[in-house]
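Just so we're on the same page: letters track the sequence lines, and every chain starts at 1.
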There are 2 protein chains.
Amino acid sequence: MADLHKTRALQLLHRIVLPLDRALQAADRQTGCSAAQLQALSVIHYLKADTIGRLAAHERISVPTASRLVEGLVQRGLARRVEGRDRRTSVLAVTEQGLAAVEAACAAREAVLMDLFEGLGEEEWRGLRATAGALARELGVGPEAARADD
Amino acid sequence: MADLHKTRALQLLHRIVLPLDRALQAADRQTGCSAAQLQALSVIHYLKADTIGRLAAHERISVPTASRLVEGLVQRGLARRVEGRDRRTSVLAVTEQGLAAVEAACAAREAVLMDLFEGLGEEEWRGLRATAGALARELGVGPEAARADD
DNA sequence: TCTTTTCATTAGCCATGCTAATTGTTAGCA
DNA sequence: TGCTAACAATTAGCATGGCTAATGAAAAGA
């Protein structure tokens with residue numbers, strides 16, 4: 001496919017991200033679990049990215065950002081630090097409450113999107129699913145990436 | 001299409017937004033024009049959302065947030081306030097420099113995505129384009145929404 | 001043992017969401 | 001005319017989440 005066609009697709013895509021993010025933020029405000037926290041919990045739990053460093057690497061964020069993120073999760077009781085052999089690091093684990101928060105946050109986020117995309121047609125829903133799957137794969141995102149990752 | 005299929009699509013989609021946003025933020029840091037600013041400039045210019053209130057309404061953000069966003073644009077010389085009849089409002093306009101910034105920011109953002117999605121196949125690129133178009137339409141996003149909007 | 005490397009935290013910057021309260025202007029009506 | 005109500009925007013203040021630079025503390029290696 002010509003690069004021009006790809007560029008056209010990306011022109012559309014990059015403008016979509018901000019409004020989607022804003023809409024999802026609204027959902028997150030209801031559940032009290034932000035996108036970054038939700039994603040961190042998922043990655044810690046499903047992908048066993050159980051140290052600050054691994055979390056930062058997988059999420060492609062800086063170590064200090066990951067550190068602060070986890071600090072927030074621990075304070076909210078969504079994650080806890082387990083001591084390991086190396087006392088420079090602490091192994092992370094998601095709590096029961098954390099798992100419940102992930103469930104709730106995902107449901108709320110999906111509900112917001114469902115409302116937002118009422119106008120999509122049958123064919124477009126199928127396309128969305130296929131495309132979302134492809135992008136998730138490229139980005140290494142989601143619980144199902146557990147097997148394909150690392 | 002069954003709701004379950006839609007839910008599956010949305011499960012994938014909502015997890016994609018954060019990593020995409022982070023990747024685009026990196027591009028924005030290079031150009032010095034953030035996603036919110038870029039979008040605001042586009043909307044002011046192409047959609048004639050030329051007051052704080054209209055900008056906030058179209059972007060679905062609060063009026064104070066829009067106000068501060070525009071303040072930043074003006075300070076950077078990307079937009080300016082033109083006095084109108086009603087002295088409670090000022091009409092907004094994008095400067096030459098602002099238009100150039102939009103161009104540069106879009107190019108940088110598209111380049112980042114192009115790298116990110118190297119692994120997509122032909123068919124997936126076609127799907128992405130169609131899907132992105134549909135979502136952009138639903139979200140009322142992009143210059144081409146000018147005719148379909150308001 | 002002493003130095004270097006590694007992992008994480010702290011401090012501090014900036015942007016962008018929000019709500020509540022304030023300011024300033026216009027419009028409406030007695 | 002002049003008071004009041006409605007409206008548009010700003011200011012103030014809170015929270016989150018990116019970043020870099022500097023610091024601490026533990027492990028590894030010479």
With a 4.5 Å heavy-atom cut-off, do [X] and [Y] have their side chains touching?
X	Y	result
A:T131	B:E124	no
A:V74	A:L92	no
B:L12	A:L135	no

**Prompt:** When you match A:E71 and A:T89 each to their closest nucleotide on DNA chain C, which lands nearer the 5' end?
**Reply:**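 The residue mapped nearer the 5' terminus is A:T89.
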Check whether any side-chain nitrogen or oxygen of [X] sits under 4.0 Å from OP1 or OP2 of [N], and answer yes or no.
X	N	answer
A:S62	D:dC19	yes
B:R22	D:dG18	yes
B:R81	D:dA8	no
B:R76	C:dA15	yes
B:T65	C:dT16	no
A:S67	C:dT9	yes

Tell me: [atom1] of [X] to [atom2] of [N], nearest whole Å?
X	N	atom1	atom2	value
A:L38	D:dT16	CG	P	16 Å
A:E59	D:dG18	CD	C1'	13 Å
A:I61	D:dC19	CD1	C1'	11 Å
B:Q75	C:dT16	CD	P	12 Å
A:Q37	C:dG17	CD	P	18 Å
B:D28	D:dC19	CG	P	13 Å
B:Q39	C:dT16	CD	C1'	14 Å
B:L18	D:dT16	CG	P	16 Å

**Item:** B:Q25 side chain to B:R22 side chain, donor-acceptor N/O pair below 3.5 angstrom
**Value:**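 Looking only at side-chain atoms, B:R22 and B:Q25 do not form any donor-acceptor pair under 3.5 Å.
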**Prompt:** Where is the tightest heavy-atom contact between B:L99 and B:V94, given as atom of each residue plus distance?
**Reply:**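 Between these two residues, the closest heavy atoms are N-CG1, 3.7 Å.
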What does [X] touch in the nucleic acid at a heavy-atom separation under 4.0 angstrom: a base, only the sugar-phosphate, or nothing?
X	value
A:L24	nothing
B:L55	nothing
B:R29	sugar-phosphate

**Request:** Between C:dA8, D:dC19, C:dG17, spot the one nearest the side chain of A:I52, thanks.
**Result:**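 Within the option list, the nearest is C:dA8.
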**Request:** Report the residue (A:R68 or B:S90) whose heavy-atom-nearest nucleotide on DNA chain D is the more 5′ of the two.
**Result:**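 Of the two residues, B:S90 wins.
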**Prompt:** Between the base of D:dG18 and the side chain of A:R60, is there any donor-acceptor pair under 3.5 Å?
**Reply:**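 Per atom types, no contact qualifies.
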**A:E71/A:R68 ion pair, N-O < 4.0 Å** =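 Salt bridge: no.
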**Prompt:** Is a side-chain donor or acceptor of A:T95 paired with a backbone partner of A:G77 at a separation under 3.5 angstrom?
**Reply:**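 Flag set: sc A:T95 to bb A:G77 pair under 3.5 Å.
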**Prompt:** Judged by atom type as modelled, is there a donor-acceptor pair below 3.5 Å linking the side chain of B:T31 to the main-chain atoms of B:D28?
**Reply:**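 Side chain of B:T31 to backbone of B:D28, a donor-acceptor pair under 3.5 Å: yes, one is there.
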**Fill in**
In B/S/- notation (B base, S sugar-phosphate only, - none; protein heavy atoms under 4.0 Å), nucleotides 22-30 of chain D written 5' to 3' is ----BS---
